[in-house]
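The structure appears right after this line, and notes come after that.
Note that the structure is a prediction, hence the values are computed from the model and not measured. Note that these values count all heavy atoms, side chains included, but never hydrogens, waters or copies made by symmetry. Order of the sequence lines fixes the chain letters, A, B, ..., with proteins taken first and strands second; residue numbering starts at 1 for each chain.
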Amino acid sequence: MIKGDFSRKKLTREFYTGELIQVAKSLLGKILVKQDEDRLFAGRIVEVEAYDGAVDEAAHTFIGRTPRNEIMFGTGGFLYVYFTYGMYFCCNVVTGLEGEGKAVLLRAVEPLTGIKSMAENRLKRTPVDPASLTKKEFRNLTSGPGKLCQAFDIKREHNGTDLLGNRIYITEGENVKAGDIVTSKRIGITKSVDLPWRFYIRNNPFVSK
DNA sequence: ATTCCGATTGCCT
DNA sequence: GGCAATCGGAATG
């Protein structure tokens with residue numbers, strides 16, 4: 001359905017510079033695309049979390065500007081990629097304006113294109129026959145922030161990527177009905193734990209946990 | 001220089 | 001459900 005479909009419109013700078021929570025919810029159902037030299041990856045965004053350095057102790061920007069969070073303090077529409085737990089990467093969509101320090105963590109996507117490559121990246125062996133994956137293995141390709149970055153091969157070098165460029169970008173997708181968006185507390189954090197800033201598509205099998 | 005610990009995952013009981 | 005893996009960023013000495 002999406003494979004080979006380049007007709008969908010890219011999200012604009014105006015979209016990304018909008019209000020954090022609005023952007024976070026609106027990202028659900030959109031298509032994350034990564035075009036490598038030899039491979040194309042695409043997945044439908046099904047789970048996100050919002051982070052806001054102005055009020056949110058869990059945000060990397062809460063402590064003020066550092067070399068690490070420089071991209072997150074920039075203007076909306078750039079990718080903030082960070083390394084965590086000594087072995088994983090997580091990627092965020094920066095939102096708002098220069099200096100605000102707001103971003104949306106991409107927590108899970110539903111694989112659409114490049115599934116064979118995603119499986120090879122996740123299982124760390126090659127070749128992999130996608131048809132041989134069990135339902136559980138298939139779900140496990142992109143059902144978490146570290147998993148989706150490994151599947152898409154998103155790493156340190158992609159920090160700061162302009163989402164209006166041609167390497168990594170997000171396009172329009174299928175509309176998600178408001179009633180299908182679930183709001184909850186965020187996962188895996190120890191500060192500002194009560195902010196209801198996790199959003200996901202109801203009953204989607206790729207949503208983490 | 002040293003210490004602490006994390007926006008995670010996978011394996012073990 | 002518990003916990004180890006693994007390392008870089010930030011704080012502290």
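- You'll find the ring centres of A/Tyr82 and A/His60 inside the 6.0 Å limit.
- The C1' atoms of C/dC3 and B/dC5 are separated by 15 Å, rounded to the nearest whole Å.
- Contact between the side-chain N/O atoms of A/Asn140 and the OP1/OP2 oxygens of B/dG10 is found at a separation under 4.0 Å.
- Among the atoms of the strands shown, base atoms are found under 4.0 Å from some heavy atom of A/Gly86.
- Judged by closest nucleotide on DNA chain B, A/Lys191 is the one of A/Lys191 and A/Gly146 placed further toward the 5' end.
- What separates CZ of A/Arg68 from C1' of C/dG8 is a distance of 8 Å, to the nearest Å.
- In this structure, A/Phe83 does not count as stacked on the base of C/dG8 under the 5.5 Å centre distance and 30° plane angle limits.
- Following rounding to the nearest Å, A/Lys209 (NZ) and B/dG10 (C1') show an atom-to-atom distance of 16 Å.
- Between B/dA7 and A/Thr84, no contact under 4.0 Å exists linking OP1 or OP2 to a side-chain N or O.
- Taking every side-chain heavy atom of A/Lys147 into account, B/dG10 is the closest of C/dA5, C/dG8, B/dG10.
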- [ ] Just do the side-chain hydrogen bond (donor to acceptor under 3.5 Å, both in side chains) check on A/Gln35 and A/Asn166 with the steps written out, would you?
- [x] CA-CA 7 Å; A/Gln35 175 71 71; A/Asn166 296 320; over 6 Å; no
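- Heavy atoms of A/Leu105 sit under 4.0 angstrom from at least one base atom.
- The side chain of A/Thr190 has B/dG6 as its nearest neighbour among B/dG6, C/dG8, B/dT8.
- Both A/Phe41 and A/Val81 belong to a single network of hydrophobic side chains, linked directly or stepwise wherever heavy atoms of I, L, V, M, F, W or Y lie under 4.5 Å apart.
- For the pairing with A/Glu49, the salt bridge (charged side-chain N to carboxylate O under 4.0 Å, His left out) check across A/Arg186, A/Lys102, A/Lys25, A/Arg107 returns one residue only, A/Arg107.
- Residue-level contact check: A/Arg107 touches the backbone only, with heavy atoms under 4.0 Å from sugar-phosphate atoms and none from bases.
- The interatomic distance linking A/Phe89 (CZ) with C/dA5 (P) rounds to 20 Å, in whole Å.
- Across all strands shown, A/Arg122 has heavy atoms under 4.0 Å from sugar-phosphate atoms exclusively, and none from any base.
- Rounded to whole angstrom, the span from the OH atom of A/Tyr80 across to the C1' atom of B/dA7 amounts to 9 Å.
- Nucleic acid contact for A/Asp56: none, since no nucleic acid atom lies under 4.0 Å from a heavy atom of the residue.
- Spacing between atom CG of A/Leu20 and atom C1' of B/dA7 amounts to 14 Å, rounded to whole angstrom units.
- Between the P atom of B/dT8 and the NZ atom of A/Lys155 lies a distance of 20 Å, rounded to the nearest Å.
- A 3.5 Å limit on both hydrogen-bonding distances identifies no Watson-Crick or G-U partner for B/dA7.
- The base of C/dA5 is not paired with the side chain of A/Tyr85 by any donor and acceptor separated by under 3.5 Å.
- Within the 3.5 Å criterion, the main-chain N or O of A/Ala58 finds a donor-acceptor partner in the side chain of A/Asp56.
- Going from atom CE of A/Met87 over to atom C1' of B/dC5 covers 13 Å, rounded to whole Å.
- Looking at A/Thr66 and A/Glu70, their side chains never bring a donor and an acceptor atom within 3.5 Å of each other.
- Atom CZ of A/Arg65 and atom P of C/dA10 are 13 Å apart (whole Å).
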